[in-house]
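Chain letters run A, B, ... following the sequence lines, proteins first and then strands; every chain starts at 1.
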Amino acid sequence: MNSQCEKVRYILVEGPGVPGRIDPAVAGHLECCEACRQFAVAEERLAEVLETAAAPADPALQQRVILAVEELEARRRRLALVPVAASVILVLAGVTLMGGVPGASMAAALPAWTAGGWLALAGTVMDFVGALRAVAVGLGLLISTPAVLAAVMIVVVGVGTMVLVAKRWRRQAAWSDRS
Amino acid sequence: MVASNDRQEDERLVTASLAGDEDAFAQLVRRYQRRLTAFLSQLVGDVELAKELTQEAFIRAWSALERYDPTYRFSTWLFRIGHNLGIDHLRRRRLKTVPIIREDREGAEVEVVLIDQAKDPLGHLKNSELAGVLRQAIDGLRPEYRELVLLRHFGGLSYQEIADLEGMPLGTVKNKLFRAHSVLRKELESFL
Ligand SMILES: [Zn+2]
């Protein structure tokens, strides 16, 4: 066995990169080397034996895996709601401490899907802005400074948590911003 | 070209999976289930256990998909997860039982893998004589050869994927598989 034989045999053991396509150099060598031809036949048979020895696909297992992953994802989404709920509560607590929202106007606008609902909702938003302005003016008189600071902190933490949760909601690859 | 297309398709499926497309991940499962189960079956010598490990490997892959590094192929990453699960299992089993050690043809010590007939990963072969000889031939390989043969022929990984997974130079993979094939050809001579 010369170095060309050895080179060819390494290629034969590795197998064709594309099924069925034999390297022209290998084919040329096989035409004139009986020993490597025998080697090629044995290698091909060995590859066949090993191929048939590999277990066949199992559709039931595939289904089981897919269901398990779906269940896992559903659980992940349910768990993601916990910080969402917590952040909403934090924001509400902060807003309440700051004077609260004009509840009656908001409640009046709730049937927003009715014909006049959108107008009512717009009115409520204006109410809310007006109320916030009034709250801002009255804050210094009605609420103590530590309470205002606490409220602001709660709102900031709440909004920050909401932003973080919203970012985490969609899974993002660590590599997505690399290239 | 085929491998490159496969790789691009894998990356597309991973990206879609991360965007919440569970169907894309289901496609990855269909692409790799057979090969991963075949590899793990031979590694742990138990088809049913291999199926459980395959399921666990896919679940771990799904859970850690954000951390997948596309420098390597998805198959390499998935097989690394499966491989580690298989090795952990073998380690735990070794702690519980006394391993049976014997010498291989070249005098190196190899652990005998005890196969339960009902769970034999070669049990699906119609030719039981071939299954028996093949089992002996594979188990008789040095562990370093055996692992590469399993990754190559049961896991269907390319030489480069094996080199990446094992952290081994490509040339070493080629040499080891070349020698492993010599042993297998000799052992299976009457079937080739
Ligand atoms: Zn030759």
Side-chain angles (χ1 to χ4, degrees), chain A residues 1 6-21 38-77 80 168-179, chain B residues 1-3 14-15 17-20 22-23 25-26 29-30 33-35 37-39 41-42 47 50-51 54-55 58-59 62-63 65-71 121-122 124-127 130-131 134 138 149 152-156 158-159 174-175 177-178 180-182 184-185 188-189 191-192:
Chain A
M1 187 174 72
E6 194 182 12
K7 207 172 147 190
V8 162
R9 290 179 187 198
Y10 264 84
I11 296 172
L12 288 168
V13 167
E14 189 167 350
V18 178
R21 190 184 295 170
Q38 283 179 11
F39 183 94
V41 171
E43 262 305 313
E44 201 175 325
R45 265 301 283 150
L46 177 63
E48 277 170 22
V49 166
L50 291 169
E51 173 67 30
T52 52
D58 183 344
L61 174 61
Q62 289 177 4
Q63 202 49 38
R64 209 171 80 195
V65 172
I66 291 163
L67 284 175
V69 166
E70 280 172 1
E71 172 54 33
L72 189 72
E73 181 59 9
R75 203 165 51 208
R76 191 184 73 84
R77 286 189 176 152
R168 277 192 62 97
W169 185 269
R170 191 167 176 272
R171 301 175 81 193
Q172 199 176 18
W175 44 275
S176 62
D177 53 1
R178 222 182 273 168
S179 60
Chain B
M1 190 65 94
V2 173
V14 169
T15 308
S17 301
L18 279 168
E22 287 163 33
D23 285 345
F25 195 76
V29 172
R30 286 186 206 102
Q33 174 271 313
R34 185 184 80 87
R35 289 161 51 181
T37 309
F39 164 69
S41 295
Q42 300 299 324
V47 180
K51 288 179 181 177
T54 300
Q55 175 164 340
F58 276 113
I59 286 174
W62 171 264
S63 305
L65 210 52
E66 299 99 314
R67 296 198 294 277
Y68 158 63
D69 177 358
T71 315
L122 294 174
H124 64 282
L125 283 182
K126 287 189 187 105
N127 186 340
L130 170 62
L134 185 56
I138 291 172
V149 166
R152 173 70 179 148
H153 295 287
F154 293 86
S158 69
Y159 277 33
K174 287 186 182 186
N175 282 330
L177 276 168
F178 190 80
H181 273 228
S182 301
L184 290 176
R185 275 196 315 275
L188 294 162
E189 206 171 11
F191 294 94
L192 305 182

Full working for salt bridge (Lys or Arg N to Asp or Glu O under 4.0 Å) between A:D58 and B:R34: CA-CA 7 Å; A:D58 183 344; B:R34 185 184 80 87; over 6 Å; no
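- Interface summary for chain A: among B:Q55, B:H181, B:K51, B:E189, the most heavy-atom pairs under 4.5 angstrom belong to B:H181.
- Between B:L177 and A:V13, the closest heavy-atom pair is O-CG1, 4.1 Å.
- Ranking B:F58, B:F39, B:Y159 against chain A, the residue ahead of the rest is B:Y159, based on heavy-atom pairs under 4.5 Å.
- B:L134 touches chain A through its side chain: at least one heavy atom from C-beta onward sits under 4.5 Å away, while N, CA, C and O do not.
- Judged by distance alone, with hydrogens and angles left aside, the side-chain atoms of A:R45 form a donor-acceptor pair with the main-chain N or O of B:F191 at under 3.5 Å.
- Residue A:E48 qualifies as enclosed at atom CD: its count of foreign heavy atoms under 6.0 Å is above 12.
- Considering CD of A:E43 and CG of B:L184, their distance stands at 9.0 Å, rounded to 0.5 Å.
- The shortest distance between side-chain heavy atoms of B:F25 and A:E73 does not fall below 4.5 Å.
- When all heavy atoms are compared, the tightest approach of B:I59 to A:A68 is CD1-CB, 3.7 Å.
- Closest approach of B:S63 and A:L72 over heavy atoms only: OG-CD2, 3.3 Å.
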Working note: B:N175 + A:Y10, criterion side chain to side chain contact (heavy atoms under 4.5 Å, CB included); need CA distance, chi angles, decisive distance, verdict. CA-CA 8 Å; B:N175 282 330; A:Y10 264 84; 2.6 Å; yes
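- What you find for B:R185 and A:A42 is that their closest heavy atoms are CD-CB, 3.8 Å.
- Side-chain contact between A:Q62 and B:T54 is absent, with no heavy atoms from C-beta onward closer than 4.5 Å.
- Judged purely by distance below 3.5 Å, without hydrogens or angles, the side chains of B:H153 and A:E51 never pair a donor atom with an acceptor atom.
- Looking only at distances, a side-chain donor or acceptor of B:R152 sits under 3.5 Å from a matching main-chain atom of A:E14.
- For the atom pair OG1 (A:T52) and CG (B:L122), the distance works out to 9.0 Å, reported to the nearest 0.5 Å.
- The two residues A:I66 and B:A26 make their nearest non-hydrogen contact at CD1-CB, 3.6 Å.
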